[in-house]
Amino acid sequence: MLKTLILSSVIFIALISDIFAEELTTKTLREDLQAYYLDGVMHNEELFVTVYDPLTNNLNLWSASGGEVKIANGINGYEHPSITVIDGKIAVAYFDSAALSYKLWIDKSGNLQAEEDEFLTVALFTQSSTPVNRNISLIEFKGKALLVYPDLVTRALKVWYDDDSDFVADPEEVNRVGLHSGSNPNAAIWNDKLTISYLDKEYSATPRGLILVSTSMSVWHDKNEDLDSSLDETVTIETSDKIMGENSMTVYDGHLAITYLIETEGKLKLWNDKDGDFEPAATEIQFLDHFTQSYYPSIFVYNDNLAIACKHWAYPESQVNLWFDDGDGEIASTEMLALKSDTEGDYGNLLRLIRHKDSFKMAYTTANTGGLTSDLLIAEPVQDETTGVVSLNTNDTNASGAARKKSSGKKCIITENSSSCYFIVIAFLCLTLALGKKLKGMGNENQGSCRNLRFYRTFSRYLGGINSQEQ
């Protein structure tokens, strides 16, 4: 009986180590917003989030600790903010719809106050072609500010790089990149060179005006390191009139991985340039079948594998979907996780995933009753350093799960419902105790122990079979 209880305890502890995990910590940063645009960055170990709220006509910067900066205030919108850290200072670029200009604020003084001499107009227009998407991408490149934006008149994709660090947008610092017109840019550094994923639209001039010829998801890579465009620097991932603008790019195992949105049912596609040749092949592009009606995708690397987060919106409900790859590049239901269910989701669809060291943080909105306002939340996972298990459970949702670090012979496991696991453990312990009592009265102790051992071997094989089926 004693041996039975000891062996039961060992198996119980092993099961518990796979089931229990820390919770995803969440915090409500602001309530009752009409959040239209959202972005975030880590700075000095703290999360900063910038949001445009048309209720107050403010473009605000909020820190996770509760600090607030009003970057801009006026009668019109401040759209598509992009935030980063440049030379150790927080910087926010945005589109000023009243002034028809792209602007940049850099916290030069480091006091998190929006002062007059900290603003720069990067590009000013007297008119705007319709429609032109105003999404922009601000990054630090070689310690200096670099902004990618669409030209409001020509629709061309432009790059401004503050090469002389004088905080002035000199004409010679602006170059055109890409093949045709460009929008929805995402800038990153790959192989020490500037790389931009973007939506490329080709137009044809006719007596009646411009006619759209083709729509493509494209990538420009500055092979020549001159921040200028040449034909061999742009590749087309896919051409289709179903491609929408939203996309996200990361560098994984030394090569590019880009996810982008297909209009049909809001599905996502993934190009994983596994051979690193910068040539999209059909075998490298796949539909992410478990992502439907998905928006605001963020692709990133987590535990040495690809991961994707997005907002799933099936009116009137929305939620955050996450996928953690187990290393095989294929999406399975056991690798998927849903967080934070909403109703009346008109203003609850924003999501930004912010990379932080080897982990990540999330900033997302959740709609309030009636859908007229939303709350802004931030969240981060907590990983068990011993087991490598990361929980993505929250206190305010029915969904739960856990992502495990990749290890030899094991896959990433997402546990959809932990209660069933608890039931298995309890039932197993009860069965063990009952069997131990029965075996005690069935002859000598050695015979009972032998039968008991055979039972454990059989049950272990059964558990192993369940585990392999789940994976």
Does W62 form a side chain to side chain contact (heavy atoms under 4.5 Å, CB included) with L376? I'd like the steps, not just the answer.
CA-CA 10 Å; W62 290 313; L376 173 63; 3.7 Å; yes
Hey, could you give me the OH/CH2 distance between Y94 and W105, rounded to the nearest 0.5 Å?
10.0 Å
Step by step, would you call I136 with L138 a side chain to side chain contact (heavy atoms under 4.5 Å, CB included)?
CA-CA 7 Å; I136 57 179; L138 175 69; over 6 Å; no
Parallel, tilted or perpendicular: rings of F360 and Y302 (30°, 60°)
perpendicular
Taking the side chain as C-beta and beyond, is there a heavy-atom pair between D241 and I243 under 4.5 Å?
no
Taking D166 for the side chain and V168 for the main chain, is one N or O donor matched with an acceptor at less than 3.5 Å?
yes
May I ask you to test the L157-P185 pair for a side-chain heavy-atom distance under 4.5 Å?
yes
Side-chain donor/acceptor of D222 to backbone N/O of L227, under 3.5 Å:
yes
Say you draw a straight line from CG of D53 to CG of L38; how long is it, rounded to the nearest 0.5 Å?
12.0 Å
Just so I know, are the side chains of Y296 and C310 near enough to count as touching, which here means a heavy-atom distance under 4.5 Å?
no
Closest heavy-atom pair, A91 versus I106, reported as atoms and distance to 0.1 Å, is CB-CG1, 3.7 Å
Which residue pairs pass the ring-ring contact (aromatic ring centres under 6.0 Å, His included) test with at least one member in residues 160-184, sequence neighbours excluded?
F141-Y161
What heavy-atom pair brings D232 and K223 nearest, and what distance separates the two atoms?
O-NZ, 3.1 Å
Rounded distance (nearest 0.5 Å) linking atom CG of N272 with atom NE2 of H255
4.0 Å
Carefully, step by step, assess L146 and E140 under the rule side chain to side chain contact (heavy atoms under 4.5 Å, CB included).
CA-CA 6 Å; L146 186 147; E140 182 185 49; over 6 Å; no
Donor-acceptor side-chain pairing of S230 and N224 below 3.5 angstrom:
yes
So, the side chain of S181 versus the backbone of K201: is there a donor-acceptor pair under 3.5 Å, distance only?
yes
A188 and M249: which non-hydrogen atoms are nearest, and at how many Å?
CB-CE, 3.7 Å
Test your reading of the model: is there a side-chain donor-acceptor pair from S82 to the backbone of A93, 3.5 Å cut-off?
no
The residue among N247, T250, N135 that forms side-chain hydrogen bond (donor to acceptor under 3.5 Å, both in side chains) with N186 is N247
Once you round to the nearest 0.5 Å, how far does OG of S294 lie from CG of L288?
8.5 Å
Closest heavy-atom pair, I299 versus I258, reported as atoms and distance to 0.1 Å, is CD1-N, 4.4 Å
T154 side-chain N/O to A156 backbone N/O, donor-acceptor pair under 3.5 Å:
yes
Going by atom types alone, do D39 and H80 pair a side-chain donor with an acceptor below 3.5 Å?
no
Is a donor on one side and an acceptor on the other found under 3.5 Å between the side chain of S240 and the backbone of K242?
yes
Euclidean distance, N321 CG relative to Y295 OH, rounded to 0.5 Å:
12.5 Å
Closest heavy-atom contact between I237 and I285?
O-CD1, 3.5 Å
Give me the ring orientation class for F324 and F300: parallel if the planes are under 30° apart, tilted from 30 to 60°, perpendicular past 60°.
perpendicular
Using modelled atom types and a 3.5 Å cut-off, is there a donor and acceptor pairing between side-chain atoms of E46 and backbone atoms of S63?
no
Taking atom types as modelled and ignoring hydrogens, do the side chains of Y198 and D200 form a donor-acceptor contact shorter than 3.5 angstrom?
yes
Run the side chain to side chain contact (heavy atoms under 4.5 Å, CB included) test on L179 and E202 for me, step by step, so that the C-alpha distance in whole Å, both residues' side-chain angles and the decisive distance to 0.1 Å come before the verdict.
CA-CA 8 Å; L179 291 178; E202 182 181 2; over 6 Å; no
With S109, which residues qualify under side-chain contact (heavy atoms from CB on, under 4.5 Å), at least two apart?
D107, N111, E115, E118
When rounded to the nearest 0.5 angstrom, what distance separates OG1 in T195 from CD1 in I189?
7.0 Å
Would the distance check show the side chain of D170 and the main-chain N or O of E172 forming a donor-acceptor pair, the cut-off being under 3.5 Å?
no
Over 60° means perpendicular and under 30° means parallel, so classify the ring planes of Y149 and Y102, tilted if in between.
tilted
Search all heavy atoms of P297 against all heavy atoms of T259 and return the closest pair with its distance.
CB-CG2, 3.9 Å
Any side-chain heavy atom of R176 sitting closer than 4.5 Å to one from D151?
no
